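None of the values given here were measured: they were computed from a predicted structure.
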Amino acid sequence: MAPVGAALWRSLRAHQVYGANTDVGKTIVSTVLCNAIQRQNQKAAFLKPVSTGALDDADDRHLHRYAGGTLTKCLYQFDEPVSPHIAAKQKTIPRDDDLLASIHKTLSGWAQSNIDFALVETAGGVHSPGPNGNSQADLYRPLRLPIVLVADSRLGGISSSISAYESLLLRGYDIQSVLLFRDEYYKNHEYLHDYFRNKSIPLVGLPAPPTRPAELDASSQSRDEEAMATYYGKVSQESDISRLLEEMSLKNTERVQRLEEMADRARDVIWYPFTQHQGMQAKDITVIDSAHDDYFQTFGTERSTSSSQLQPTFDGSASWWTQGLGHGNPELSLSAAYAAGRYGHVMFAGAVHEPALSLADRLLQTIDNPRFTKVFYTDNGSTGMEVAVKMGLRAACARYGWDASQEQVSILGLKGSYHGDTIGVMDCSEPSTFNQKVEWYRGRGHWFDFPVVKMTGGTWKVEVPEDLQTDLGLAQEFASLGSVFDLDQRVESPTGRRYKDYIRRTIEDLVHRQGMKFGALILEPVILGAGGMLFCDPLFQRCLTDVVRDHPELFSAKGSSPKQSPSWSGLPIVFDEVFTGLYRLGRRTAASFLGVHPDIAVNAKLLTGGLIPLCTTVASQEIFDSFSSPEKSDALLHGHSYTAHAVGCTVAVDSLRAMAKLEGDGSWDGYRADWRGSNPVRGEMSAPDVWSVWSHGLLQDLSSAQSVESVFALGTVLSISLRDAQGGGYTSTAAKGLQQRLAVGGDQFNVHSRVLGNVLYLMSSVTSKPESLREMEALLRSALL
């Protein structure tokens, strides 16, 4: 099932009618509005997606009877006068996606038929369940139609009306107008008028409709219908209704105009990250109206007046790797709202609040590293890595007796690694396009070249860089990706011994012949993200950490003995899991693929499920103790105004809880089964848990495409390296053609993607639907095969 786009037309003003409660008069309000539209010589339409109860009392029939000329339609009719999820139990239930697609198709048809105004009326209250039991507020959210809220004029109606409004607002709806019946006893309309006026939302109070006779015979039925017809004829002519409809029309026009102007305005006033602006045009800027699940809703000026101006666009970069539980996740939004209401932001130095403490406990449990005891909070991956570097260098200097103010202390890492854009961690990466023109960049370290994992021609290979083949051997082929990660076997192999010998000799030369001093080993475990989605042979990273820990004598001056340590040896090992951690690769930690417990680890990106900026740097007790002294100046003097932001911490707790639930409830079993069949490693039961949401068959096919140099997939990540006669790299344009083809997309949706030189990568959420991913795979096949 292709995704459903949000609904917005230039010509058709489509709105959704929600009620603050059941039996508040939604259909009467809809009938008034449709009558009033027709009095303006415009065409009106009414859609009831799901109706329950007797056919004669159906809402679309009511509109047909009292708003003659209005085009009416009901998609699913259930006989029982109960909630849709109960009425639907005895019949074939439409899937939520099918229901949404039918609504969108109906509205699109009306737009093409020159209908001016359409109402889509819900059943019951805002949170009344749909046919599948999901709250209507969530069910209809992908359409994100502007809302006509029918408030409750009865006792308790003020509370239910405001609650309904806040529930819709929490989910990103635009409430354009509020209507309710005037009641001279409770006078809810007077209170709510002032309440919504302060929100700049117009409220119109309607006279109460005629009271319906308790029992209807032919005579009373006729009188009732006549009274209702008179009521509609009178109310639909009221000036307040006419003004309201004019406002609603203006808001639709203004919304389209704002979207039309956004790209031009953005080009004029915004300085974009990682962007060369020379030659940049407005058409190069993606205008995002909203986002839901895996998709942006993007605006297109080239679409005809009868086509929806919004198109679903797959968020192929997972919004720079942050998206974990889907855009607009209502549970996370509710968590954020709760914390904002309870705390806002509160000072953290020397204080504590429940969200920060709960997250620290939850994170330590999730990472499950026996070394870790302390959690330090920052706001993003780069600043979290700044803290990690400070921690590692302090601990190493204390151990080896170095004075960093008098001598250069460097780091060990891998070529192509990148740990952020702040000036300190920039120095922890080799010279590259990212930093070579940053005036303060110095590049303090040594970065190993390394073997990479890729699939080419349907075969998994570990390829060794040409200038290291003498030391590390030639490329190796593997029967499966699981075989690559079978480190218990590989670490004792001749390749493992060769890796360790090469690493040990290199460090020995750097320290004892070149005089370098190293304060930390910093790795992005398994995949190096910003450097080009480089899939490092996990055996090489495992051997690198083993050599560093097993040979502390490599890092001290000849003849000197470093202080002994109960927990770490050699150098503090820092894992930058900003990108790869917390289920991005299908596991809680990327470290688990290597069988290594680092001394310091940094997590961000998926920490809050893609909702709030937050980062944690987690460290061992001994690393923490290296900052302990009677002197304040020896403390870790680092912090942010929004350290341990209570909203972010609350959302992170719920995000980790939700991902842990997915890990344990079988949600990913289908993906695992697909990859298990391709992982014949010493029997199925002993095979490493290595899998991806992207099908193994897709990789087999793409890896043999003429334009593809190699591919790999792990967890939610898919990487495609395109052939480039110039050799690839960050400045390559080889992937631009594929990126442009995906941006055009198919009939139902397109793809927003990012490229790193000749590499185009795609990522999903951990909640992505298999059918959505298969649709994406079909687009990739058509673009490359």
Side-chain angles (χ1 to χ4, degrees), residues 15-33 46-54 57-60 62-63 74 78 80-88 119-141 145-171 173-196 199 201-212 214 228 231 235 244 330 334 337:
H15 297 77
Q16 190 150 33
V17 180
Y18 270 101
N21 209 331
T22 190
D23 199 28
V24 294
K26 293 188 300 296
T27 305
I28 294 175
V29 168
S30 295
T31 308
V32 167
L33 295 177
F46 173 84
L47 175 63
K48 187 77 174 184
V50 179
S51 181
T52 62
D57 291 330
D59 297 333
D60 58 314
H62 187 93
L63 265 289
C74 178
F78 301 101
E80 288 189 75
V82 292
S83 177
H85 75 293
I86 297 175
L119 295 175
V120 180
E121 188 179 286
T122 59
V126 166
H127 286 300
S128 293
N132 292 287
N134 297 319
S135 165
Q136 289 183 115
D138 296 328
L139 166 60
Y140 295 121
R141 170 57 181 80
L145 287 162
I147 301 303
V148 174
L149 176 62
V150 181
D152 193 342
S153 61
R154 301 167 298 188
L155 179 64
I158 291 175
S159 175
S160 62
S161 299
I162 293 174
S163 297
Y165 162 73
E166 291 181 347
S167 290
L168 293 168
L169 198 67
L170 188 70
R171 286 161 174 79
Y173 286 100
D174 294 328
I175 295 85
Q176 285 198 351
S177 57
V178 179
L179 296 96
L180 81 166
F181 300 122
R182 294 191 290 267
D183 183 282
E184 295 308 318
Y185 185 75
Y186 297 118
K187 298 185 184 297
N188 291 359
H189 58 284
E190 294 183 1
Y191 182 92
L192 291 173
H193 180 274
D194 292 339
Y195 175 85
F196 285 109
K199 313 291 184 187
I201 298 173
L203 179 144
V204 173
L206 303 175
T211 303
R212 193 175 190 183
M228 287 303 300
Y231 172 81
V235 176
L244 180 65
L334 195 61

Between Ser163 and Ser160 (side chain of the first, backbone of the second, donor and acceptor by atom type, cut-off under 3.5 Å), is there such a pair?
no
Any residue meeting salt bridge (Lys or Arg N to Asp or Glu O under 4.0 Å) with Asp183, in chain and number order, not counting sequence neighbours:
none
Checking Ser161 side chain against Asp152 main chain: does a donor-acceptor pair fall under 3.5 Å?
yes
Roughly how far, to the nearest 0.5 Å, is the CG atom of Leu119 from the CG atom of Leu47?
10.0 Å
At their closest point, which heavy atom of Lys26 faces which heavy atom of Thr122, and how far apart are they?
CE-O, 3.2 Å
Could you pull out all residues at least two apart from Arg171 that satisfy salt bridge (Lys or Arg N to Asp or Glu O under 4.0 Å)?
Asp138
dist Phe181:CZ -> Ile28:CD1 (nearest 0.5 Å) comes out at 4.5 Å
Do the side chain of Asn188 and the main chain of Arg154 share a donor and acceptor less than 3.5 angstrom apart?
yes
Give a yes or no answer on whether the side chain of Tyr18 reaches the backbone of Ile175 with a donor-acceptor pair at less than 3.5 Å.
no
Which heavy-atom pair separates Val17 from Ser30 by the least distance, and what is that distance?
CG2-OG, 3.7 Å
Would you call His189 and Ser153 a side-chain contact if the rule is heavy atoms closer than 4.5 Å?
no
Apply side-chain contact (heavy atoms from CB on, under 4.5 Å) to residues Ile201 and Tyr165 and explain how you reach the verdict.
CA-CA 11 Å; Ile201 298 173; Tyr165 162 73; 3.6 Å; yes
Once you round to the nearest 0.5 Å, how far does CZ of Arg141 lie from OG of Ser135?
13.0 Å
